[in-house]
Protein chains: 2
Amino acid sequence: MPVEKGALASRSQRLLDLKPAPHFEAFMKGYMDQWSQDNPEGYVLIAVAENKLHSDAFAHRMQEALARPLPDWVMNYTMMTGDPRLQEVLAALLRHTFLKGFEVRAGDLVISNGVTPLLDHLFFTLADAGEGVLIPAPYYPSFDMDLMAKDDVVPVPFYLVEDGDVTAQLAQAAAAAAEAGSPIRALLITNPNNPLGIVYSTATLKSMLEWSVKNGVHLVSDEIYALSVHGEATFVSMQRVAQGLVEEGALTQEGVDTHLHLLWGMSKDFGGSGLRLGVLHTRSASLKKVFGSISPFSQASNLVQYALTVVLSDLDWVDAWVAENQRQLALSYSAFSAALTEAGIPFTPATSAMFVWLDLRKWLPKQGWEGEAALWQRICDEARVVVTTGHSCHAAEPGYFRVCFAWVPAEALVVAATRLSAVLDGAADT
Amino acid sequence: MPVEKGALASRSQRLLDLKPAPHFEAFMKGYMDQWSQDNPEGYVLIAVAENKLHSDAFAHRMQEALARPLPDWVMNYTMMTGDPRLQEVLAALLRHTFLKGFEVRAGDLVISNGVTPLLDHLFFTLADAGEGVLIPAPYYPSFDMDLMAKDDVVPVPFYLVEDGDVTAQLAQAAAAAAEAGSPIRALLITNPNNPLGIVYSTATLKSMLEWSVKNGVHLVSDEIYALSVHGEATFVSMQRVAQGLVEEGALTQEGVDTHLHLLWGMSKDFGGSGLRLGVLHTRSASLKKVFGSISPFSQASNLVQYALTVVLSDLDWVDAWVAENQRQLALSYSAFSAALTEAGIPFTPATSAMFVWLDLRKWLPKQGWEGEAALWQRICDEARVVVTTGHSCHAAEPGYFRVCFAWVPAEALVVAATRLSAVLDGAADT
């Protein structure tokens with residue numbers, strides 16, 4: 001045999017070399033000792049992008065659906081790319097909500113056990129090993145693993161300035177990546193954005209799509225927070241932007257259909273990351289063909305598919321649930337942002353999703369990423385607050401931190417802001 | 001850009017070139033027109049490896065579990081490699097059933113959305129692109145796609161003769177594969193076997209494991225039918241065989257722990273392929289580390305994990321369910337085998353799983369795989385019975401067909417045997 005006994009494949013070596021992110025270890029430690037009214041000294045965990053504010057009502061509704069007699073197909077195989085009944089229900093839901101005005105067809109949806117496996121499949125399909133994917137930074141920390149772990153694709157962060165010439169920025173970033181040996185095959189965006197908590201302007205989205213289609217670059221628009229707008233902002237799906245560009249004659253329908261792929265799911269907008277259900281919308285015939293072959297690896301549970309078929313087909317109920325969820329997001333954001341302002345802690349005003357992007361640059365104990373790591377550790381140890389570092393989000397410079405504000409009740413957010421303030425006051429003295 | 005506009009990655013080309021298996025198309029056609037008492041001319045579909053005989057009782061039990069108040073974690077993330085509570089319950093179940101006498105540890109189990117994604121992950125991890133995996137033939141048709149689709153690993157069928165020198169056969173097959181450019185990194189077996197419906201002898205299993213460990217080859221033992229023995233046979237898990245070899249001093253514990261990996265799940269033994277829940281048992285620390293990183297792509301739904309935690313923790317109930325399931329498998333097998341014998345159709349006597357391996361060689365209308373395809377088509381069109389070809393199972397020679405007998409009620413099996421007989425009588429005349 002050509003290799004050491006019992007050795008793993010050389011391609012899995014990069015996974016063996018990984019170290020867990022520090023916030024993961026801190027999270028696990030804090031998980032056993034969380035803040036509550038009864039444990040006022042406990043950790044406030046605001047590093048996980050989950051929305052727990054209204055998910056109990058969703059769980060209860062699923063439970064009601066599952067109390068009726070279950071159809072046979074719950075225990076058996078259905079179509080690998082998703083049950084056709086759920087595809088229809090999801091198509092109707094999307095037409096009714098953030099894709100209103102766009103003809104969502106059930107057959108253009110691929111259902112899977114979450115968006116994470118869809119990302120793995122997508123970048124296996126769209127790019128070869130060593131090729132690049134442009135991602136406006138700061139971005140969702142796990143994109144790196146999602147693209148690199150198995151696909152061996154190179155995430156290429158670029159620091160988007162929306163006020164500037166977006167097309168020029170894209171072209172420059174792509175040229176630099178190609179020069180560095182990673183030609184760009186796709187642009188991956190998250191809109192509404194994680195970690196910024198904002199939506200992109202329509203002008204920015206137009207520039208992104210035009211540049212992508214004209215350069216033969218796939219555009220993957222992760223719109224997993226589409227229904228989680230809680231402030232004064234209007235989210236516009238890239239698919240709606242595409243329609244506009246086709247109507248204007250700036251792009252052809254075929255160009256859009258070949259290059260634009262949307263992602264969405266239950267994890268964020270319905271607080272159901274544990275359900276494991278994600279959706280890809282694509283009109284690319286070849287992409288759909290590939291997914292027909294690789295979807296056996298990423299089937300959602302039929303128990304979940306069935307329950308969602310029942311729950312999500314009641315669009316009045318969905319509307320009411322989404323409105324209440326947004327109201328609760330707004331309440332939490334309002335409480336937290338007020339407490340931050342009161343404490344003099346700067347942050348990017350957010351309108352969407354479940355994030356607040358803190359700017360703690362002036363409190364860094366020393367320059368550089370080391371200074372950020374030191375401040376993060378201090379926040380963790382002294383404030384007993386677990387946040388995500390800007391470094392793991394590919395922030396442009398050290399000193400930013402991401403807060404996921406929907407993982408805890410609003411009272412815990414106020415506690416976190418107060419404790420942060422105390423630690424930062426102390427940090428200024430060192 | 002270096003490639004055609006909107007082109008997919010070159011590595012997805014092999015997926016674009018695929019054609020669906022003929023039995024899949026026939027299945028889809030027959031699905032809309034299935035045999036029943038009310039549709040006596042309908043198709044008998046016996047090409048899908050699912051057991052529907054007793055799954056309604058399992059579904060009902062899950063439903064009862066889900067009627068109680070759901071814990072919060074159903075909607076949220078749990079550990080990526082599986083919820084620790086379910087890991088404990090599964091470890092206890094395995095210790096109680098086919099791994100009795102072996103110390104199954106919860107931490108050695110990786111839970112996923114089925115065995116199919118585990119296969120994808122495993123062969124990504126154990127072998128590099130172009131390397132080979134030995135598989136005793138005939139074998140489960142989908143192994144080819146599972147190994148090739150994303151992992152680009154080469155399945156190497158070899159025609160195992162259990163009465164012969166198993167070690168010599170393995171060595172010869174591995175040498176031939178290495179010579180052909182695909183050095184063997186793993187041996188993949190299914191025991192009880194799909195499509196033969198038999199269990200391997202302990203002597204065979206010993207030879208396989210000794211050869212594997214001594215040659216630094218990983219052994220993946222797919223034991224997904226472990227609890228579906230319905231006849232006079234004793235299934236012995238490879239893990240129990242390993243214990244024996246370690247006790248004898250033939251292998252070291254470390255050698256076994258590094259090389260042996262077991263697969264199991266809910267799809268077959270509990271008739272729950274739609275639930276999407278598979279389990280890997282491994283004691284390889286490096287393999288577990290890799291799975292820690294790639295399990296986000298293959299998370300099972302927490303709704304299912306929770307329901308199973310409740311249902312499977314009642315081992316008395318599990319025992320009774322398994323016994324009844326085996327009784328129903330035996331009844332169906334008995335009805336079908338009697339009808340086949342009556343009709344003079346030869347087959348491999350089965351003791352396990354849900355398969356009957358028909359030997360229709362003497363009815364081939366012409367020699368070779370073309371003759372098999374022609375007979376399959378005739379069985380499909382004239383008998384209106386959909387089976388799996390031996391060719392897709394890598395049978396050693398043309399003329400064998402796989403029947404999955406647990407997808408339909410026993411009466412349908414008798415209808416199928418009668419219709420088969422009529423078509424074969426006709427075939428003899430041509």
Side-chain angles (χ1 to χ4, degrees), chain A residues 1-6 8-12 15-16 18 48 50 52 55 58-59 63 66-67 70 73-78 113-114 116-117 120 124-128 145 149-150 183 215-217 258-259 271-276 286-287 289-290 293-294 296-304, chain B residues 1-6 8-12 15-16 18 48 50 52 55 58-59 63 66-67 70 73-78 113-114 116-117 120 124-128 145 149-150 183 215-217 258-259 271-276 286-287 289-290 293-294 296-304:
Chain A
M1 296 295 132
V3 290
E4 197 193 338
K5 281 194 180 186
L8 302 188
S10 60
R11 62 184 170 189
S12 59
L15 298 165
L16 285 171
L18 288 171
V48 176
E50 287 188 311
K52 298 187 175 188
S55 54
F58 197 87
Q63 205 169 18
L66 293 169
L70 297 178
W73 64 270
V74 163
M75 292 295 280
N76 301 127
Y77 290 121
T78 180
N113 64 319
T116 301
D120 179 48
F124 173 87
T125 308
L126 300 178
D128 279 298
M145 275 296 287
K150 295 188 78 182
N215 288 283
V217 167
T258 308
H259 293 88
S273 40
L275 301 176
R276 306 316 303 145
S286 50
L287 195 58
K289 177 150 202 251
V290 171
S293 297
I294 60 183
F297 301 129
S298 53
Q299 294 168 73
S301 173
N302 291 353
L303 191 68
V304 174
Chain B
M1 296 296 133
V3 289
E4 197 194 337
K5 281 194 179 185
L8 302 188
S10 59
R11 62 184 170 189
S12 58
L15 297 165
L16 286 171
L18 287 172
V48 176
E50 287 188 311
K52 297 186 174 189
S55 54
F58 197 87
Q63 205 169 18
L66 293 169
L70 297 177
W73 65 270
V74 163
M75 292 294 280
N76 301 126
Y77 290 120
T78 181
N113 64 319
T116 301
D120 179 47
F124 173 87
T125 308
L126 300 178
D128 278 298
M145 276 295 288
K150 296 189 77 182
N215 288 283
V217 166
T258 308
H259 293 88
S273 40
L275 301 176
R276 307 315 304 144
S286 51
L287 195 58
K289 177 148 202 253
V290 171
S293 297
I294 59 183
F297 301 130
S298 53
Q299 294 168 73
S301 173
N302 292 354
L303 191 69
V304 174

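Within every chain, numbering begins at 1; the chains are lettered A, B, ... in the order of the sequence lines, protein sequences first and strands thereafter.
Of the listed residues (B/S273, B/P117, B/S12), the greatest number of heavy-atom pairs within a distance under 4.5 Å of chain A belongs to B/S273. Interface check for chain A: of the options B/T125, B/V48, B/V74, B/N302, the most heavy-atom pairs under 4.5 Å are formed by B/T125. With chain A as partner, the option from B/G114, B/A67, B/S286 having the largest number of non-hydrogen pairs under 4.5 angstrom is B/S286. Of the listed residues (B/L18, B/L126, B/T258, B/D120), the greatest number of heavy-atom pairs within a distance under 4.5 Å of chain A belongs to B/D120. Between chain A and the residues B/L287, B/L303, B/N113, B/L15, the largest count of heavy-atom pairs under 4.5 Å involves B/N113.
A heavy-atom distance below 4.5 Å is not found between the side chains of A/R276 and A/V304.
Closest approach of A/L66 and B/Q63 over heavy atoms only: O-NE2, 2.8 Å. Looking at every heavy atom in both residues, A/F124 comes nearest to B/R11 through O-NE, 2.8 Å.
With a 4.5 Å cut-off on non-hydrogen atoms, B/A149 touches chain A through its backbone and its side chain both. In this structure, chain B has a heavy atom under 4.5 Å from the side chain of A/I294, while its backbone stays farther away. Only the side chain of B/E50 comes within contact range of chain A, judged by heavy atoms closer than 4.5 Å. B/L8 touches chain A through backbone and side chain together, each having a heavy atom under 4.5 Å away. Looking at B/T116, both its backbone and its side chain come within 4.5 Å of chain A, counting heavy atoms on both sides.
Scanning for side-chain contact (heavy atoms from CB on, under 4.5 Å) contacts around B/A59 gives A/L70, A/M75, with sequence neighbours left out.
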